[in-house]
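Report on the following structure.
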Amino acid sequence: MSVSRLVSSVCKKIIKPYSSTPISLGCHKLSYLDQMIGGIYIPFALFYPKLSNTWSSNIISDHLEKSLSKVLTNYYPLAGKLNGNVSVDCNDHGVEFFTTKIDCPMSEILNNPYSDKDNLVYPKGVLGAYSYKGSLAVFQLTHFNCGGIAVSICLAHKVGDGYTLGNFMNHWASIACNPMSLETYHISSKFYGAYYFPPTQDDDLSIVSNNNIVPEREECIAKTFSCSSSKLSALKTRVINQSEVQNLTDTEVVTAFIYQRVCKLAE
């Protein structure tokens, strides 16, 4: 599969926060743990099949851009600029938002475990790079010729972890699903990492920044897991009956199932 052959167009925009960040929040100090992390980005992608003929590609892009602008108001460090290994200048510079068209159906990507899908649904040049010069959060909306889409984000690990990423995506989805709330939706997000894990002094930064807590490996193994609709429904019913937890999403059920198995392997 030739990646260059499949990508028909790429459009880049800079999305700024809907409201300006207050001067009092203009400097976000990195915690000691943030300082220990290199320049890696956390990737996350969601795939959606075509559900309706009502929403055109332009409408989807415009809707996601507006809702992203709104949620960035509360996650203001993501729209800032890194100030060395000390802090983030929350200057509302904005985040990169790419829109891409792919000349193949989404099933060809999901069903082919050997396809170079990272170079398709994620912004080019972000994954695996330790010196990306772009924004601290990079987004991409991918349109497939079957009508399906993929929404991906690459989040700089220095300004967030998996918990941050999960909260951000949930809040973004909440705003995107409720267009009428764009003017009033408020999220109480706090960035207190430096309070609980105070940063090192300036003299020690050169030592910390040279430490790589992620070991280098020449070879990595990646696996793809596919769950059929029938198996997923059966798993969801089983979890509900055993835990009495209602209104579970497909993502919550699959994530909990995988984590449970990983924890057992780690025992």
Side-chain angles (χ1 to χ4, degrees), residues 1-19 41-76 78-81 92-112 115-129 132-156 159-160 165-166 168-179 181-182 185 251:
M1 179 184 295
S2 174
V3 173
S4 59
R5 175 180 62 84
L6 294 177
V7 179
S8 61
S9 65
V10 178
C11 175
K12 174 184 175 181
K13 292 184 179 180
I14 299 296
I15 307 299
K16 297 180 180 293
Y18 184 81
S19 300
Y41 279 69
I42 308 172
F44 189 74
L46 297 168
F47 292 81
Y48 299 93
K50 182 180 180 179
L51 300 177
S52 172
N53 292 323
T54 305
W55 290 59
S56 66
S57 298
N58 291 336
I59 292 178
I60 293 175
S61 299
D62 184 67
H63 186 70
L64 290 178
E65 290 170 16
K66 288 181 178 179
S67 55
L68 175 59
S69 176
K70 182 65 178 180
V71 75
L72 283 175
T73 300
N74 298 277
Y75 290 84
Y76 50 91
L78 275 59
K81 283 289 186 178
D92 297 332
H93 178 79
V95 299
E96 294 169 284
F97 187 95
F98 294 89
T99 302
T100 304
K101 292 183 179 180
I102 305 297
D103 292 330
C104 78
M106 185 167 61
S107 59
E108 185 173 342
I109 303 300
L110 296 178
N111 296 334
N112 183 359
S115 65
D116 196 6
K117 64 183 69 175
D118 287 355
N119 288 335
L120 291 174
V121 301
Y122 291 113
K124 184 178 180 180
V126 181
L127 293 186
Y132 184 71
K133 301 301 182 182
S135 58
L136 295 177
V138 190
F139 301 81
Q140 180 168 305
L141 168 62
T142 303
H143 295 276
F144 295 93
N145 62 10
C146 62
I149 64 171
V151 180
S152 69
I153 173 178
C154 292
L155 176 66
V159 294
L165 180 58
F168 179 89
M169 296 300 289
N170 282 330
H171 292 154
W172 186 14
S174 297
I175 295 177
C177 290
N178 297 277
S181 67
L182 285 177
Y185 195 90
T251 301

What side-chain donor-acceptor pairs closer than 3.5 Å can you find for residues 140-148, not counting sequence neighbours?
| from | atom 1 | to | atom 2 | distance (Å) |
| --- | --- | --- | --- | --- |
| Q140 | NE2 | L120 | O | 2.6 |
| Q140 | NE2 | T142 | OG1 | 3.0 |

Just by distance, do the side chain of [X] and the backbone of [Y] share a donor-acceptor pair under 3.5 Å?
X	Y	value
N178	S174	yes
S61	S57	yes
T73	S19	yes

Handout entry: Mutual orientation of the aromatic rings belonging to F168 and F139 [parallel < 30°, tilted 30-60°, perpendicular > 60°]
Key = tilted
Handout entry: Parallel, tilted or perpendicular: ring planes of Y75 versus H171, cut at 30 and 60 degrees
Key =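 Y75 and H171: tilted rings.
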Compare all side-chain heavy atoms of [X] with those of [Y] and state whether any distance is below 4.5 angstrom.
X	Y	answer
S152	P123	yes
Y76	P17	no
M169	L46	yes
W172	I153	no

Practice task
Report the C-alpha separation of S135 and V138 in whole Å, then their side-chain angles, then the decisive distance to 0.1 Å, and conclude whether the side-chain contact (heavy atoms from CB on, under 4.5 Å) test is met.
Solution key: CA-CA 6 Å; S135 58; V138 190; 3.7 Å; yes
If every non-hydrogen atom of [X] is compared with every non-hydrogen atom of [Y], which pair is closest and at what distance?
X	Y	result
A79	V95	CA-CG1, 4.0 Å
G160	I42	O-CD1, 3.6 Å
Y41	G134	OH-O, 4.3 Å
C154	Y122	SG-CD2, 3.8 Å
I14	K12	CD1-CE, 4.2 Å
I175	S67	CG2-CB, 3.8 Å

Would you compute the distance between atom [atom1] of [X] and atom [atom2] of [Y] and round it to the nearest 0.5 angstrom?
X	Y	atom1	atom2	value
E96	K13	CD	NZ	14.5 Å
L64	I59	CG	CD1	12.0 Å
T251	N170	OG1	CG	9.0 Å

Exercise for the section: Count the heavy atoms belonging to other residues, nucleotides or ligands that lie under 6.0 Å from NZ of K101, then report whether that count exceeds 12. Expected result: no
Handout entry: Crowding at NZ, K81 (>12 non-hydrogen neighbours, <6.0 Å)
Key =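 Above 12, so yes.
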